[in-house]
Structures are given as structure tokens and as C-alpha cells.
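Given the structure is predicted, the values throughout are model-derived calculations rather than measurements.
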Amino acid sequence: MTSTGRFTLPSEENFAEKTKELAELWGADAIRNSDGTHLDESVLALGKKIYSAYFPTRAHNEWITLHMDETPQVYLLTGRVLAEADIVDVPLMDGFFEEQLKPNRDADPHKYWEVVDRTTNEVVDASLWTLDEDTDTVHVSGATPMHEYTVSFLAYIIWDPVEMYNHLTNGWGDKEHEIPFDIYHPETRKFLFDSFEQWLKDNPQVDVVRFTTFFYQFTLLFDQKQREKVVDWFGCACTVSPAALDDFEKEYGYRLRPEDFVDGGAYNSAWRVPRKAQRDWIDFLSGFVRTNVKKLADMSHAAGKEAMMFLGDQWIGTEPYKDGFEDLGLDAVVGSIGDGTTTRMIADIPGVKYTEGRFLPYFFPDTFYEGNDPSIEGLDNWRKARRAILRSPISRMGYGGYLSLAAKFPKFVDTVTHIADEFRDIHDRTGGVAAEGELNVAILNSWGKMRSWMAYTVAHALPNKQTYSYYGILESLSGMRVNVRFISFDDVLEHGVADDIDVIINGGPVDTAFTGGDVWKNPKLTETLRAWVRGGGAFVGVGEPSSLARFQAGRFFQLADVLGVDEERHQTLSVDKYFPTVTPEHFITADVHVDPAAREAWEKAGYRIPLSGCGGGQGIKPLGGIDFGEPIANTFPVNEDVTLLRADGGQVQLAINEYGKGRGVYVSGLPYSAANARLLERILFWASHNEDKYTAYSSTNPECEVAVFPDAGQYCVINNTDRPQSTDVALPDGSIEHFDLDQSAIAWRNL
């Protein structure tokens, strides 16, 4: 086992001796500073590789305070105000944090702002409203009583959102607020490059410039109570300026509206089906950002330093999965590891020499406080990441924050020692090569490759309560013995389905980017996918797959014939739906434990008898055993040839369907758990007619997973829990090997 290397340690002022001690204990070969910290000379002299966080567009208040019209800007949408007469006043800043945001009164409001009658969705003529700059209120005349009105207005971002979060979390008190700046303006852009050139000269000891990040913050807006108001880790709302809007019009031939950014209050969430204006702005912005990122990378290399990008903070416009990212010349990408999905989001990035994961917990006082045990979160984070690392290895690991806080927790220190050693051992044994994948699985949505491992996410590693079942698909896949790619509807329409794809998954709520929305009105899409499945392909739908919000041709799921399931949208209530007998035993559900008492109650409730009627099956006792997450109401089998595996409460949760030479599977939801990951794995193998491949190197215990490394001549079994586990692993020759694993353990065997 290699005892040192592949580990980046955070340090800070006046902590040199303990830094040296922990660097040796954790095997660190690199040391970094964190936001608000600096490295002592004695730390720099330890002979480790030195990372330095560099913030290109903040921490230079001496410049931006003289150019406050060159801070980044955002289109904000006011609250809706009801007109009770023909005049209505709309306050701009109600609900926004005035220490973060300030209305832009410098650019002509009547050119760049918009007042909208939200009852009719009509734009109010600019001659009918005025801005009172003293009160930041828009006065609207000619209003229609009982209509609601909003103002979409440009605002300066006057406090960097990430520094603000760190400031408030750590209680930095009177520390000067760091004001961000927008390099779209030529003078500020020149200042950025001049400053970086000087910084490179002043910091010869730095080996790696850790850009944290570049120019534009993801959408992160706060309310007057200093709480998050709008957060979208993929949002481009905080990227606008009058100059950029004018240049966009010249380049693309049309002018963007404020509504193209505020989007009725959705702020172009990644859940929204992307529209032309949104896609064009991303392309426009990415072109500008990437041109300037390459300049910074080239300058770093000319100074003999590596250029590393942090996938977080101001990452918008870099788009690491968009074509051309490899041309930027970045050496590495580092990102925060929140779970298996975010591990893969970093590890799968193409076009860099290496990737690095910043593990949790972050060394901040919200976790490292008296009475708490940070080692619990540390091991939980490692277990989630490890199963993904085995499938797509990151090259390095590390932590962030205040090392002095972590050093006060001996149990946590020991935990990190164990994690670091195990991480290096995985690399030593596998040579950094991914475990073997047995199937090729494609996630189909509107974004495709550009949002690889980024689907179903609100903030980094965080789904929300309405969509955790869909995020569970990615988390399950992140450590599964399959190869995963992301494809778009445009890919399928233009090129069909690639020959090497075994299974396609489409899932999410109706009218979202992940199910596709109006793209299903194009008959070529359904034709292509139907032909592919009938020819032997496999299509798995989760939630409301292939759905159209408007009832079309008697179907809600446009591929209901493939899935064998549709959803009643209260249009065909007068048409009976006949449920075939539920089949509790199947290859897919073989690992789902069902209590015998539950089975008896289930059978007595009538599930062995075909149930029918407009309301579908009416059994009163669920079979149980599977967590389907948020319920999808009123799903039903489209005919009696469909095989129902679960149909509790008069609707379908799990069904399978033979479709020509191929197969379709419907699942109502799939939040992440070991049992659900196992269920999905079995679904994929069954749907693709690969049941015969399933047994070899499978684990009898879903809490334990197996990864095979043919080139290294080894396989491993991991315990993904904080409890001891036992499992049997079936080998290709039919023999069985038994494993008793301690909590969080990993065991290796030769093939």
C-alpha cells in the first residue's frame, strides 16, 4: 500500500507544526489555502506541492469600488402586485437582500427593463411606467384593475455570493465585503489579466493555480432575511450586462427580453425545457468565458504552473461537458464530493490530465463544533464516493476549510487517515483503471451530454423533495456495474440510437427538460425509439416518461405502448382500465424482501384476482418491499398483456412489457437506497435480455457491491453501510465466496 500521495491538505496561518504532523499522517503531497486563509512560510517550506486558490473576479475592491457599474448583473423579477385601480406601484427590492443586490439605474430602464401584466402576459408599453429612483418603485399607469403586474429589472451584484455565504457562516464580522466584477467590460478585463500577471510574479512558490472559479456565479440570490431565495447550480441568470445583451443582438440577429432570463419566476431552472433563447445565451456566454479561461491557463503555463478549475462557485460558462472543453488547456478539475453522482460529475470530465475530489465535511464551524462527531459524515461521504470511484476513478482527493478546526477532533483525524490510505490502495491495486461495466446505459433528456451527471439537481448534490426519486436513478447508476452516457432528444432525432446502447432511461415529471416536453410532438422521435425497441432495444421509463402535458391522440405517455403503462389525466375516466393479475415473483424483484405476513395480507386483499373498473385495481393492502418515492397517481396498464410487478392502491408502480424483440419497463419512482439500486440493476439486465450475465460477480446482499478489474486480475467487495455485513459472491465458474465485512470495509480477491 502506498502511504503517501494523491492527497491535498488545507492549511492556514499560524498552524505550521500541526500542518506538518497531519500532512505526514494523511500522506499529503500537496497543500492548499482556503477562502479567507493564507499559508505560512514554514508551510511553504515543507516541500509539498503548493495549491493557491485564485479568485479572478473578486478580492480587488480597490478596483471595483471605482467602477461599480462593472459588477456582474442579474435580471430580477419582482413579486406580483395586484392593481386595484388604473395605477399600481411595484416595489423593486421587496424580498431581495439589499446588501447583495442593487437596482441598475445607470442603463436606460425603458430599454433594458420590462413591466408585464401577468394576467394577460402582455408587456406594458414603456410610455406607461416610470421609475422613482428615490424609492426604487415603478409606477404603472393605465393598469387593468384585478390584474397582477411585475417588473423585470437589471440589478448589480454587489457582494460575491460565495464569499457572502462564507462570511455569514463563519461570522467574519466587520471584514470588508468582497465585490465581484464582470470582465465583459474591456477595462475590467484588462485589469483582471494585469492583476493575474502580477500575481504570478509575486507567487513563485505556487505550483498549481486553483481557479475558484472564473467569471460568473451560478444563480444564487438571497432574501432580506439572508436566506437563499433562488438557487440553481446550472443557472445563467447572474451573467447579464447591457453591453453583453447588445453584443448578443448583433451576433444572433435578435434581442433577448428580460423575460428570457426571469422566465416568469423560474429563472430558467435546469428543469425547464430549454428554449432557443436560453440555448443561444449559453453558447454566447460559453464562447466568451472559454476564450478568457484559455488565456488564464496559458498564462499559468507560461509561468511554470498548472491551471486547475474548481467545479463550483463561478463555473458558469465553462461547461465541462460541452464540446471543446478540452481545448481550454486546463490541467485539472477539482470539485466537491457530495455523493456518487457528484463524484462521477467530476471524474468523467474529458480533456484534463487529472481530476480531484474535495471530500466532505468542509472544515467549517457548522460541522466542527463541540459535541458533534464529524467522522460520521466523513465516512458516509467516503462510502458514497467510493462506489463511484471504483467505476470512474478520480486521481486525487483532499479536504477544504480550516485545518485547525479538524485537528481538534482526534476521531475524525483517524477517520481521514483510514480514508486516505484506502483511496491510495484502490489506485495501487487498479492502476487508476475503472471497473468493468457489463451494459451500456444511456440517460435520455433535453440536455444530453452537456449535463452529464447533472440531471435532476437543484444545488450541488442536492435534489429537492419533489424530485428525489429521479435523482436516485443517477445515484444508483454512479456505482453500478454499467457504463453510463447521456444523450439528448436531438441526438436521437439526428443520428438515431447508437448501436452499442443496451438500455435507454427516460424519467422525470411531465413538461420538464428530463422528460422532454413538446419534443414528443415530433413523430420521428417516437418512430425511432419504437423501431429500436422492437428490434431488440430496452426502454426504461421512470415517473412520467415520454409525457406530453396536452392530451394527444388518447395518450399521456407517448411511448405507453412500449412501457405498457399510461397515466389517466382525467380525460378518459369513462373508459374502463382492466388490471391483469399482479406477478410478485420475477427476476427483477428477486432480491426484494417481502415479509410473509405482508404477502398473506396482500393475497387476501385480492391481488391474485384480476381487478377492473374505471378506477383500476382497488386492492387495499400493498405488497410493499420497494420504496417508489413520490407517488405517480392514476397510472394503469394499457392492456392485459402487460406484466404487473407492483400495482398498489389501484395504480401501477412497476410493470414490464414485451415489445417485439425488445422490452419496456415502467417504474413510478426510484429514490436511492441499496435495495432500489439493486432493483434498477436487475431491471437493466432483464430489459436488455442479459439475465444470463447477471449472476457472475453479483452479491447476495444489496448493501454490498462487487467491482471487477480484469486487467489488474482482482475484484473487490465493498460494504456501503456503517454496520457489519455478510454476503456471498457468485463467481463465473459457479462457485460461491463468502464475505464478512466490517462497517465501511472493502475486501479484495484475485480473479
Side-chain angles (χ1 to χ4, degrees), residues 337-344 359-360 375-392 415 418-419 422-423 425-426 435-438 461 468-469 471-482 484 586-595 598 624-629 654 667 669-686 694-709 714-731 736-749:
I337 297 291
D339 51 19
T341 302
T342 48
T343 302
R344 293 296 296 269
F359 283 64
L360 295 176
S375 66
I376 295 174
E377 182 180 351
L379 278 171
D380 180 65
N381 186 248
W382 168 240
R383 288 190 298 266
K384 291 174 182 176
R386 181 179 59 185
R387 59 188 297 269
I389 289 170
L390 292 170
R391 303 296 170 187
S392 183
T415 297
H418 168 76
I419 291 171
E422 189 168 284
F423 176 76
D425 185 52
I426 290 172
E436 183 178 51
E438 299 184 47
Y468 67 96
S469 325
Y471 190 84
I473 300 169
L474 298 187
E475 189 63 15
S476 295
L477 290 172
S478 70
M480 196 179 292
R481 49 177 170 158
V482 298
V484 182
H586 191 272
F587 173 85
I588 288 174
T589 55
D591 291 331
V592 177
H593 172 73
V594 178
D595 184 86
I626 304 171
D627 177 9
F628 291 105
L654 179 58
V667 189
L670 200 80
Y672 177 72
S673 67
N676 277 6
R678 175 61 59 87
L679 183 77
L680 179 60
E681 184 180 69
R682 283 185 167 274
I683 285 171
L684 300 177
F685 275 79
W686 180 86
Y694 186 82
T695 300
Y697 295 113
S698 64
S699 160
T700 56
N701 182 349
E703 301 286 2
C704 302
E705 291 178 296
V706 182
V708 180
F709 301 88
Q714 293 191 83
Y715 75 93
C716 68
V717 184
I718 53 174
N719 176 0
N720 292 324
T721 76
D722 59 359
R723 306 173 306 280
Q725 298 285 344
S726 295
T727 190
D728 292 330
V729 173
L731 303 180
I736 301 294
E737 186 151 10
H738 181 77
F739 291 82
D740 291 312
L741 300 171
D742 289 337
Q743 61 177 359
S744 308
I746 181 170
W748 293 88
R749 296 290 188 274

Query raised in the report: Do we get R386 above F423's six-membered ring, with its NZ or CZ under 6.0 Å from the centre and within 45° of the axis?
Result: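 No, R386 does not lie over the aromatic ring of F423.
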Please report the interatomic distance [atom1]([X]) to [atom2]([Y]), rounded to the nearest 0.5 Å.
| X | Y | atom1 | atom2 | result |
| --- | --- | --- | --- | --- |
| F739 | S726 | CZ | OG | 11.5 Å |
| R678 | S673 | CZ | OG | 11.0 Å |
| D339 | N381 | CG | CG | 8.5 Å |
| L477 | R344 | CG | CZ | 8.5 Å |
| I683 | I588 | CD1 | CD1 | 5.5 Å |

Report task. Using distance alone, with no hydrogens and no angle criterion, decide if D728 and T700 have a side-chain donor and acceptor under 3.5 Å apart. Result ->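 Distance-only check fails for D728 and T700.
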Would a 4.5 Å heavy-atom cut-off, applied to side chains only, mark [X] and [Y] as touching?
| X | Y | result |
| --- | --- | --- |
| I746 | V717 | no |
| Y672 | D627 | no |
| R383 | D722 | yes |
| E438 | V482 | no |
| H738 | T727 | no |
| D591 | L679 | no |
| W748 | I426 | yes |
| V706 | R481 | no |

Query raised in the report: Under the criterion side-chain hydrogen bond (donor to acceptor under 3.5 Å, both in side chains), which of T342, T341, N676 is the partner of E475?
Result: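 Of the listed options, the one satisfying the test is T341.
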Report task. Please find out if less than 6.0 Å separates the ring center of W382 from that of H418. Result ->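 Between H418 and W382, which both carry aromatic rings, the centre distance is not below 6.0 Å.
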Query raised in the report: Taking the six-membered ring for Trp, are the ring centroids of Y694 and F587 within less than 6.0 Å of each other?
Result: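 Judged by ring-centre distance (under 6.0 Å), Y694 and F587 do meet the cut-off.
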Query - Listed partners of L731 passing side chain to side chain contact (heavy atoms under 4.5 Å, CB included), at least two apart - result: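 Once residues adjacent in sequence are excluded, the partners of L731 under the side chain to side chain contact (heavy atoms under 4.5 Å, CB included) criterion are Y697, Y715, V729, D733, S735, E737.
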Requested in this report: Would you please test T721 and N719 for side chain to side chain donor-acceptor pair (under 3.5 Å) and show each step?
Outcome: CA-CA 6 Å; T721 76; N719 176 0; 2.8 Å; yes
Query raised in the report: So, for S478 and R387, which heavy atoms are closest and what is the spacing to 0.1 Å?
Result: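 Minimum heavy-atom separation between S478 and R387: OG-NH1, 3.3 Å.
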